[in-house]
Amino acid sequence: MKGFYTILLLVISNVFMTMAWYGHLKFKEMKGFDALPLILIILISWGVALFEYCFQVPANRIGFRGNGGPFSLVELKVIQEVISLTVFTLFALLFFKTETFRWNHLISFAFLVLAVLFAFKK
């Protein structure tokens, strides 16, 4: 069950992370946000990133084998990276209509899945 909670928290964390890192790129299309100075955009993104940490830190604490969780440190990182790229891809395709998903992206994701398999190989 700890593995499930870890992955769920990592997914939520990565949604906030992606919004903090890339969501502000849509501000130019939003009335009221289109003329914000960079420092305000940074502060807004930082505020969103706070929620990322509120999920990321518990995910790592619950999931880490040293705390009684099922995953090693390396396994946690590999899981996080795959989730991060998956969330980012969905975000890019849904919110940025100019982005396209091509064959080379599919191959790179296949290699990421292989990375996960190798990371968990004993």
Side-chain angles (χ1 to χ4, degrees):
M1 204 57 165
K2 285 184 177 186
F4 172 78
Y5 287 131
T6 299
I7 291 170
L8 178 64
L9 290 170
L10 287 173
V11 168
I12 296 168
S13 166
N14 276 280
V15 168
F16 282 109
M17 178 191 73
T18 301
M19 291 300 293
W21 285 13
Y22 303 103
H24 63 85
L25 297 175
K26 295 294 273 185
F27 281 4
K28 292 230 182 255
E29 300 172 15
M30 300 168 65
K31 189 160 179 69
F33 288 94
D34 53 348
L36 288 177
L38 183 57
I39 188 68
L40 282 178
I41 292 172
I42 291 168
L43 291 173
I44 291 168
S45 293
W46 195 36
V48 173
L50 171 66
F51 292 101
E52 175 210 350
Y53 281 87
C54 290
F55 291 97
Q56 179 80 20
V57 171
N60 287 330
R61 289 187 67 83
I62 292 167
F64 181 53
R65 191 170 290 141
N67 291 338
F71 305 117
S72 72
L73 188 62
V74 172
E75 291 168 343
L76 277 171
K77 184 59 180 173
V78 171
I79 292 167
Q80 187 276 327
E81 290 298 334
V82 170
I83 291 170
S84 178
L85 285 170
T86 302
V87 168
F88 172 79
T89 299
L90 292 172
F91 177 83
L93 292 174
L94 294 173
F95 292 101
F96 289 86
K97 303 297 184 194
T98 58
E99 299 296 318
T100 57
F101 192 71
R102 298 189 314 259
W103 68 269
N104 57 321
H105 300 138
L106 186 61
I107 291 172
S108 67
F109 281 148
F111 281 122
L112 287 171
V113 170
L114 287 173
V116 172
L117 292 174
F118 283 112
F120 281 84
K121 188 101 173 120
K122 301 293 180 212

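On a predicted model such as this, the values are computed, not experimentally measured, just so you know.
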Quick check: are there more than 12 heavy atoms from other residues, nucleotides or ligands sitting under 6.0 Å from CZ of F96? yes
Measuring from atom CZ of F101 to atom CZ of F109, what distance do you get when rounded to the nearest 0.5 angstrom? 5.0 Å
Between atom CD1 of I83 and atom CD1 of I12, what is the distance when rounded to the nearest 0.5 Å? 10.5 Å
Between L85 and L112, is the side chain to side chain contact (heavy atoms under 4.5 Å, CB included) condition met? List the steps. CA-CA 9 Å; L85 285 170; L112 287 171; 3.1 Å; yes
Ignoring hydrogens and angles, tell me if any N or O in the side chain of T18 forms a donor-acceptor pair with the backbone of N14 under 3.5 Å. yes
Treating Ile, Leu, Val, Met, Phe, Trp and Tyr as nodes and any side-chain heavy-atom pair under 4.5 angstrom as an edge, say whether L25 and M19 lie in one connected cluster. yes
Please report the shortest heavy-atom distance between L10 and Q56, naming the atom on each side. CD2-OE1, 3.6 Å
Side chain of S13, backbone of F55: donor and acceptor closer than 3.5 Å? no
Point-to-point distance, once rounded to the nearest 0.5 Å, from CD1 of I62 to CZ of F4: 11.5 Å
Quick one: do F88 and M17 satisfy side chain to side chain contact (heavy atoms under 4.5 Å, CB included)? Show the steps, please. CA-CA 9 Å; F88 172 79; M17 178 191 73; over 6 Å; no
Is there a donor-acceptor pair closer than 3.5 Å between any side-chain N or O of S84 and the backbone N or O of E81? no
Does atom CZ (R65) have a neighbourhood of more than 12 heavy atoms from anything else shown, all under 6.0 Å? yes
Identify the two heavy atoms, one from P70 and one from E75, that lie closest to each other, and give their separation to 0.1 Å. O-OE1, 4.0 Å
Calculate, to the nearest 0.5 Å, the distance between atoms CG and CG belonging to L43 and L36 respectively. 10.5 Å
Within one Ile-Leu-Val-Met-Phe-Trp-Tyr cluster: F111 and L117, side-chain cutoff 4.5 Å: yes
Transitive ILVMFWY side-chain link L8 to V57, under 4.5 Å: no
Rounded to the nearest 0.5 angstrom, the CZ-CG distance for F118 and L114 is 6.0 Å
One should read off an interatomic distance between L38 CG and I41 CD1, to the nearest 0.5 angstrom, of 6.0 Å
Are F71 and F64 close enough that their ring centers fall under 6.0 Å? no
Under a 4.5 Å side-chain heavy-atom rule over Ile, Leu, Val, Met, Phe, Trp and Tyr, are V11 and F16 clustered together? no
Around atom OH of Y53, are there more than 12 heavy atoms of other residues, nucleotides or ligands at under 6.0 Å? no
Of all heavy-atom pairs linking L76 and T6, the shortest is CD2-CG2, 3.7 Å
A20 versus S45, closest heavy-atom pair with distance: O-OG, 3.1 Å
May I ask you to check whether Y22 and F95 place their ring centers less than 6.0 Å from one another? no
Output, in order, the C-alpha distance, side-chain angles, deciding distance and verdict of side chain to side chain contact (heavy atoms under 4.5 Å, CB included) for I44 and H24. CA-CA 8 Å; I44 291 168; H24 63 85; over 6 Å; no
Is L73 reachable from V78 through a run of hydrophobic residues whose side-chain heavy atoms are each under 4.5 Å from the next? yes
